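Predicted, not measured: the structure shown is a model, and the values here were computed from it.
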Amino acid sequence: MTALPLFNNINVYLFMGLFLLACGIVGVIYRRTLVSMLISIELIMNGAGLNFVVFNRFLSDRPYGMAFTLFIMGIAAAEAAIALAIIILIFRRFRNVESDDLKEMKD
Amino acid sequence: MILADAIFILIALMTMAGALATVLARSIIYAMLGLVVTMFGIAGLYIYLNAPFIAMMQILIYVGAISILIAFAIMVVGPLSQRPKEWTTLKRFIIAFVVAVSSFFIFLKFVVQSKWLPGTFSVSSLTTKDIGRAFFDKLMLPFELISLLLVVAIIGAIMLALFSRENK
């Protein structure tokens with residue numbers, strides 16, 4: 001694999017997807033507001049889509065990985081729309097969007 | 001080849017810096033801008049992976065639609081000056097860091113250990129035409145289901161907003 005240039009190495013791309021996943025996990029746990037957690041989830045979904053395209057490019061000659069990346073994009077759009085509607089509802093009701101304060105069902 | 005490698009390293013560093021800015025930025029609007037930078041970097045990686053159609057869709061959907069949606073949510077949720085700081089306690093950061101680093105190294109072990117089949121690293125010549133044929137041949141049902149899902153999501157978002165206004 002060392003003879004190939006850097007962008008033809010599968011491990012580089014997998015490392016990028018892994019880095020995005022780790023950053024997303026840090027964001028989901030560490031962030032305080034719901035919108036930031038949604039942004040971190042988008043990061044994780046980006047990493048997943050990148051992995052699909054990488055495996056399709058290096059290990060297959062049929063376009064199903066790319067098709068699934070397009071599906072992931074559609075699902076991410078739907079998920080963002082619903083999540084933002086819910087965030088706006090929560091904001092109207094509680095006047096803030098901090099995840100630590102949303103414990104009405106827990107009490 | 002040297003130039004291609006240099007541009008690739010630049011794009012990869014841009015993606016990683018954007019991801020770090022998304023997670024660690026103090027203000028939420030900077031986090032959103034970091035997300036935009038990350039998505040542009042991933043579009044560049046898609047171009048390096050011989051998938052220009054996916055790169056274009058990445059820019060159109062993620063940068064064009066989802067980032068704008070998140071920007072609207074940030075604006076609706078309130079002015080920036082009244083928002084509490086994004087920093088949380090050190091304990092929580094340590095928990096997040098430990099979880100992320102441990103999962104990172106577990107998956108890195110999988111990546112390093114796996115032996116890919118030799119001879120499959122040739123450049124596959126998949127074009128947009130092949131993706132379209134796959135969509136309308138074998139992936140017909142999931143394709144239609146995605147459109148149904150999008151319609152349901154849009155109607156659901158509108159209904160959520162409307163019902164909340166009636167209750168007030």
Side-chain angles (χ1 to χ4, degrees), chain A residues 4-8 10-16 18-23 25-27 29-33 35-36 38-40 42-43 46 50 53-54 56-64 66-67 69-71 73-78 80-82 84-89 91-92 97-98, chain B residues 1 4-5 8 12 15-16 19-20 22-23 28 31-32 35 38-39 42 45-46 48-51 54 57 61 65-66 69-70 73-74 76-77 86 88 92-93 95-97 99-100 103-104 107-108 111 116 120-121 124 126 130-131 134-135 139 142 146 149-150 153-154 156-157 160-161 164:
Chain A
L4 288 173
L6 196 58
F7 57 86
N8 263 338
I10 185 170
N11 288 329
V12 178
Y13 294 100
L14 291 181
F15 176 78
M16 295 296 301
L18 204 49
F19 187 80
L20 290 178
L21 173 73
C23 280
I25 289 173
V26 170
I29 300 176
Y30 173 52
R31 287 295 194 151
R32 239 171 131 184
T33 58
V35 182
S36 322
L38 181 71
I39 291 175
S40 304
E42 295 294 334
L43 215 56
N46 263 303
L50 180 67
V53 176
V54 167
N56 190 6
R57 155 75 174 76
F58 286 104
L59 301 174
S60 168
D61 53 352
R62 279 171 298 178
Y64 294 132
M66 292 184 192
T69 299
L70 290 175
F71 286 149
M73 286 178 191
I75 290 172
I82 293 291
L84 293 176
I86 292 172
I87 287 170
I88 288 169
L89 273 185
F91 178 72
R92 278 189 190 153
V97 287
E98 287 187 50
Chain B
M1 212 45 88
D5 254 346
F8 178 77
T15 310
M16 291 163 80
L20 282 179
T22 307
V23 174
I28 187 169
M32 192 207 74
L35 187 73
T38 310
M39 283 159 177
I42 289 174
L45 291 182
Y46 284 159
Y48 269 97
L49 287 166
N50 284 334
I54 309 287
M57 281 299 133
I61 295 175
I66 293 180
L69 218 57
I70 291 171
I74 292 170
V76 164
V77 157
E86 284 286 336
T88 45
R92 214 158 157 195
F93 180 70
I95 290 171
F97 193 74
V99 171
S103 59
F104 182 84
F107 283 110
L108 194 67
V111 169
W116 311 111
T120 51
F121 284 86
S124 58
L126 287 169
D130 294 326
I131 302 174
F135 266 131
L139 300 175
I146 283 288
L149 174 78
L150 281 173
I154 292 166
L160 279 177
S164 141

Proximal component of [X], with respect to chain A [non-hydrogen, under 4.5 Å]:
X: B:Tyr48; answer: both
X: B:Phe107; answer: both
X: B:Ala12; answer: both
X: B:Ile54; answer: both
X: B:Thr38; answer: side chain
X: B:Leu35; answer: side chain

Spatial distance of atom [atom1] ([X]) from atom [atom2] ([Y]) [nearest 0.5 Å]:
X: A:Phe58; Y: B:Asn50; atom1: CZ; atom2: CG; answer: 9.0 Å
X: B:Asp130; Y: A:Tyr64; atom1: CG; atom2: OH; answer: 10.0 Å
X: A:Ile39; Y: B:Ile66; atom1: CD1; atom2: CD1; answer: 11.5 Å
X: B:Leu160; Y: A:Ile88; atom1: CG; atom2: CD1; answer: 10.0 Å

Practice task
Test A:Leu50 against B:Leu45 for side-chain contact (heavy atoms from CB on, under 4.5 Å), laying out the working first.
Solution key: CA-CA 8 Å; A:Leu50 180 67; B:Leu45 291 182; 4.0 Å; yes
Exercise for the section: Apply side-chain contact (heavy atoms from CB on, under 4.5 Å) to the pair B:Phe97 and A:Ile29, showing each step before the final yes or no. Expected result: CA-CA 9 Å; B:Phe97 193 74; A:Ile29 300 176; over 6 Å; no
Exercise for the section: Examine A:Phe15 together with B:Phe104 and report whether their ring centres are nearer than 6.0 Å. Expected result: yes
Does any backbone or side-chain atom of [X] lie under 4.5 Å from a heavy atom of chain B? Answer side chain, backbone, both or neither.
X: A:Val54; value: both
X: A:Leu20; value: side chain
X: A:Met16; value: side chain
X: A:Thr69; value: side chain

Practice task
Would you please test A:Ile25 and B:Ser103 for side-chain contact (heavy atoms from CB on, under 4.5 Å) and show each step?
Solution key: CA-CA 9 Å; A:Ile25 289 173; B:Ser103 59; 3.6 Å; yes
Handout entry: Any donor-acceptor pair under 3.5 Å from A:Tyr30 side chain to B:Arg92 backbone
Key = no
Completion exercise
Ranked by heavy-atom pairs below 4.5 Å to chain B, first place among A:Leu14, A:Val53, A:Asn46, A:Ile82 goes to A:Asn46
Problem - Option that, when pairs with chain B are counted at under 4.5 Å, heavy atom only, ranks first among A:Cys23, A:Gly74, A:Ala80 - result: A:Cys23
Handout entry: Stepwise side-chain contact (heavy atoms from CB on, under 4.5 Å) test for A:Leu84 and B:Val76
Key = CA-CA 10 Å; A:Leu84 293 176; B:Val76 164; over 6 Å; no
So which atom in [X] and which in [Y] form the shortest heavy-atom distance, rounded to 0.1 Å?
X: A:Pro63; Y: B:Ala134; value: CG-CB, 3.8 Å
X: B:Ile28; Y: A:Ser36; value: CD1-OG, 3.5 Å
X: A:Ala78; Y: B:Ala153; value: CB-CB, 3.6 Å

Fill in the blank from the handout: side chain to side chain contact (heavy atoms under 4.5 Å, CB included) with A:Leu70: of B:Ile131, B:Leu139, B:Ile146, B:Ile61, only one passes, and it is B:Ile131
